[in-house]
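Here's the structure, in structure tokens; my notes come after.
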Amino acid sequence: MNDFSFYSPTRIVFGKNALESIGSELGRIGCTKALIVYGGGSARAAGTLDRVEASLDAAGIAHVELGGVRPNPEITLVREGVELARFEKVDVIVPVGGGSVMDTAKAIALGAVYNGDVWDFFVHRATPTERIPVAAVPTLPASGSEASNSSVISNDAEHLKCGINTDLNRPVAAFMDPELTYTLPPYQTAAGAVDIISHVMERFFSGEPAVPVTDHIACGIIRSVIECAPRALAQPDDYDARANLMWAGTLAHNGLAGCGVNVPGSRDGDWTCHGLEHELSALDTSITHGAGLAVIFPAWMRYVWREHPERFLTFAREVFDIEAVDGSDEAIEDAVTATIDELQEFFVSLDMPRTLGAFDVHEDDIERMIPGLTLNRGEVFGSFKQLTLDDARAIYRSAL
């Protein structure tokens, strides 16, 4: 087991009517004025924003709003939010929505106390040292942003999608009500399930040796998602299925699933697949992150598994009850291939795409993704297997 530092400061308020305690909890920590950040009209139409505002009002916490966050959130709205947060002198930011809304709020929280352009943080021209606290109201189990240290923002003018990881990004609180997810479109529920599984796999396939206690946690989260996602799709108001998906999303990305299998001196995992997918959704911002991962992850697995077949065999046994018949090379390859096939078929069963062609991405688009990948990951990247840009091209090509 590798040395690690695990930090998870987010207070989780979980369950039916969790939203009712937002005001009292933020009042307890001294907040007086909130910037509420949200996406389109669904949060208002569903009554979620009204409930958040009522709780803040009851606690005497003033509030202003910023709507319009899109999927694959863009830096222009972040900059607008920074100016609004400064002008209104807010002391807490409350995102109400999915990962895009929460990532936008985190970026605003960093930028509002920085004497410069917030984009500096995302292209590593500057390092944040402070922030306004964030208290999240997630409405989509997927990103785990409600307890993670990450924020990912797009810059359409520069054709980039970049992320920053810092413990300053971790929300001080998350108010999680599974009933808020009942009305999610099936596609978003499915893409969210893939995102959750992918966050765990990025850590599991770090290239580091097995840590049984962490491996059991990681694979247990994945098995739970495989069990609960079809139930939630078949019966959208299945509370237990929705609650387990929501909790899995948090545990998948707060760092717990990487303890001890973290890469020394680096992030707690490989993160190549996220890097490859970010360039895909930078190429076309209408591509849902989880849907892109449903294509990229199996392609990456088929490309790299021979580097550490023992990790794939553990994954096969723990997640899908697949065993290598014996220790022969042929049996190992059969077991690993069957495992990757099983995973991809699960994704497809959720109505996720199998190939990049489903996004109208073709061979000539690959070179358009390489500059951003080079900026974000460098010319050599990956901890499970070190890859080059030519390897990235080969993985993209195999997924067409």
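Scope of the values below: all heavy atoms of this structure, side chains included, with no hydrogens, waters or symmetry mates. Sequential numbering from 1 along the given sequence is applied to the chain's residues. All figures in this text were calculated on a predicted structure; none of them were measured in a lab.
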Salt bridge check, [Y] against [X]: does any charged N sit closer than 4.0 Å to a carboxylate O?
X    : Y    : answer
K106 : E146 : no
R51  : E20  : yes
E74  : R70  : no
D215 : R311 : yes
R223 : D321 : yes
R44  : E53  : yes

Is a side-chain donor-acceptor pair under 3.5 Å present for [Y] with [X]?
X    : Y    : result
E208 : N262 : no
T32  : D91  : yes
Q235 : R242 : no
E279 : N376 : yes
D120 : Y114 : yes
D390 : T388 : no
D351 : Y187 : no
H253 : S150 : yes
N169 : N149 : no
D103 : S100 : no

Check whether any side-chain N or O of [X] sits under 3.5 Å from a backbone N or O of [Y] as a donor-acceptor pair, and report yes or no.
X    : Y    : result
T285 : A282 : no
T10  : V172 : no
D177 : N17  : yes
D365 : V361 : no
K161 : G275 : no
R377 : W271 : yes

Q: Give the C-alpha distance, both sets of side-chain angles, the deciding distance and a yes or no for side chain to side chain contact (heavy atoms under 4.5 Å, CB included) between V52 and I36.
A: CA-CA 9 Å; V52 170; I36 301 172; 4.3 Å; yes
Can you find a pair of side-chain heavy atoms, one from [X] and one from [Y], that are under 4.5 Å apart?
X    : Y    : result
F346 : P230 : yes
I153 : S151 : yes
K33  : V64  : yes
F204 : T314 : yes
V92  : V134 : no
F175 : V94  : no
E179 : D237 : no
L389 : F381 : yes

(Q) Less than 6.0 angstrom from the centroid, inside 45 degrees of the normal: does K16 satisfy that with respect to the ring of Y239? (A) yes
Q.
Between Y396 and L356, does the side chain to side chain contact (heavy atoms under 4.5 Å, CB included) criterion hold? Intermediate values first, please.
A. CA-CA 8 Å; Y396 282 135; L356 295 181; 4.3 Å; yes
Q: Given side chain to side chain contact (heavy atoms under 4.5 Å, CB included), test V113 with L110 step by step and report yes or no.
A: CA-CA 6 Å; V113 292; L110 295 175; 6.0 Å; no
Locate the shortest heavy-atom distance separating [X] from [Y]; write the atom from each residue and the value.
X    : Y    : result
M102 : S145 : CB-OG, 3.6 Å
V263 : S383 : CG2-OG, 3.5 Å
N254 : R170 : O-NH1, 3.3 Å

Q. So F384 and F312, ring pair (Phe, Tyr, Trp, His ring centres under 6.0 Å) or not? Walk me through it.
A. CA-CA 11 Å; F384 187 87; F312 276 86; 5.7 Å; yes
(Q) Can you confirm whether more than 12 heavy atoms, excluding those of D364, are under 6.0 Å from its CG atom? (A) yes
Q) At what distance, to the nearest 0.5 angstrom, does OG of S154 lie from CG of L160? A) 9.0 Å
Q) What is the distance from atom CD of Q188 to atom CG of D195, rounded to the nearest 0.5 Å? A) 10.5 Å
Q: Could you go through the salt bridge (Lys or Arg N to Asp or Glu O under 4.0 Å) check for D341 and R302 one step at a time?
A: CA-CA 10 Å; D341 288 346; R302 297 183 201 282; 2.9 Å; yes
Q. Can the ring centroids of W300 and Y303 be said to lie less than 6.0 angstrom from one another?
A. no
Q.
Please determine whether side chain to side chain contact (heavy atoms under 4.5 Å, CB included) holds for the pair V96 and V101, giving the CA-CA distance in whole Å, both sets of side-chain angles, and the decisive distance to 0.1 Å.
A. CA-CA 7 Å; V96 180; V101 173; 5.6 Å; no
